[in-house]
Every structure is written in C-alpha cells, then in structure tokens.
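Worksheet: one structure, shown below.
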Amino acid sequence: MTNFIKNPKKSFQDKVFYVVRQIPKGKTLAYKQVAKLAGSPKAFRAVGNILNKNYDPAIPCHRVVRSDGKVGGYNRGVEKKKKLLEEEKKES
DNA sequence: CGTATGACGTGCA
DNA sequence: GTGCACGCCATAC
C-alpha cells in the first residue's frame, strides 16, 4: 500500500456493496440478482469474487445466496451464515 | 496485455 | 434428482 488512502475505485464492487446493503433483513438475494442490480446480469461470478475478497461488516453478504437456494459460502464460515439467515428469517 | 482464480449459473448425461 | 463440465464477468499478478 503506497498510499494510506484507499482507492475510490468506482467499480463493480461499489455497485455490489450498494445493492447488498439494500437487502432487507430476513430476505436473501441471489448472486445473479445482485449482479443484475449492479448492472451486469452476467457478472454473478465477479459478485461472489468481490464479496469473497472484500468482506465488510456493513455489508450483509450473508444474505446473498445461490440461485439454487444454497448458502454458497461465507468468509466467517458457512455454518455461521446459515444460522444468521435462519435467525433473521424467523425474526422477519 | 495475457493468464489465472473464484462465495456462480445453466445445460446435459 | 444428482453430478459433471463449460461459460461468464471482474480482479489480481
């Protein structure tokens, strides 16, 4: 890191974060949907890739699941993600 | 610039 | 219904 400041890189990542941040509690969004909302319906690959490399506590990435209904993965542990989804879903 | 990787998605056997 | 292989886009090196 040559610079202390982070790059304002306005890229797909920003859109993905913005979309994921809008996901209401107890609701899950598919990677494909996120990619579509982000502007690239075929970039669901990049969506997962970005979330995986850039996990942020402000981003409910645990609400992003596969179109198959599977949780997919989670930086903190798939088990944790499943539990969070279940809890939020119950509360909702 | 080209190659490699990845929390995916869809199609086919 | 399950499993395997290919294709897709964005990022990193």
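Reminder, nothing fancy here: chain letters follow the sequence lines and each chain counts from 1.
Listed for the A:K81 side chain is no donor-acceptor partner under 3.5 Å among the backbone atoms of A:R76. The backbone N or O of A:N75 lies less than 3.5 Å from no partner atom in the side chain of A:N52, so there is not a single donor-acceptor pair.
As a whole-Å value, the separation of A:N52 CG from B:dA7 P is 5 Å. What separates NZ of A:K15 from C1' of C:dT11 is a distance of 15 Å, to the nearest Å. Rounded to an integer number of Å, the gap from A:F17 CZ to B:dA7 P is 15 Å. As a whole-Å value, the separation of A:K53 NZ from B:dA4 P is 15 Å.
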Seminar exercise, completed: Its contact letters, B for base, S for sugar-phosphate only and - for none at protein heavy atoms under 4.0 Å, make nucleotides 1-8 of chain C read ------BB

Check: residues 26-35 of chain A side-chain donor-acceptor pairs under 3.5 Å, at least two apart:
{"from": "A:Y31", "atom 1": "OH", "to": "A:V64", "atom 2": "O", "distance (Å)": "3.4"}

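Within residues 22-41 of chain A, the residues approached by DNA chain B to less than 4.0 Å at the level of any non-hydrogen atom are A:Y31, A:K32, in residue-number order. Residues from residues 59-77 of chain A lying near DNA chain B, meaning a heavy-atom separation below 4.0 Å, are A:C61, A:R66, A:S67, A:D68, A:G73, A:Y74, A:N75 in numerical order.
For residues 68-92 of chain A, the ring pair (Phe, Tyr, Trp, His ring centres under 6.0 Å) pairs, not counting sequence neighbours, are A:Y55-A:Y74.
Residue A:K81 is classed as a base contact, given a heavy-atom separation below 4.0 Å to a base. Contacts of A:A46 with the nucleic acid, taken as non-hydrogen atoms under 4.0 Å apart, include base atoms.
Considering only residues two or more places apart in sequence or on other chains, A:K53 meets the side-chain hydrogen bond (donor to acceptor under 3.5 Å, both in side chains) condition with A:N49.
Between A:K70 and A:D68, no side-chain nitrogen of the basic residue sits less than 4.0 Å from a carboxylate oxygen of the acidic one, so the salt-bridge criterion is not met.
More than 12 non-hydrogen atoms from other residues, nucleotides or ligands lie less than 6.0 angstrom from CD of A:Q22.
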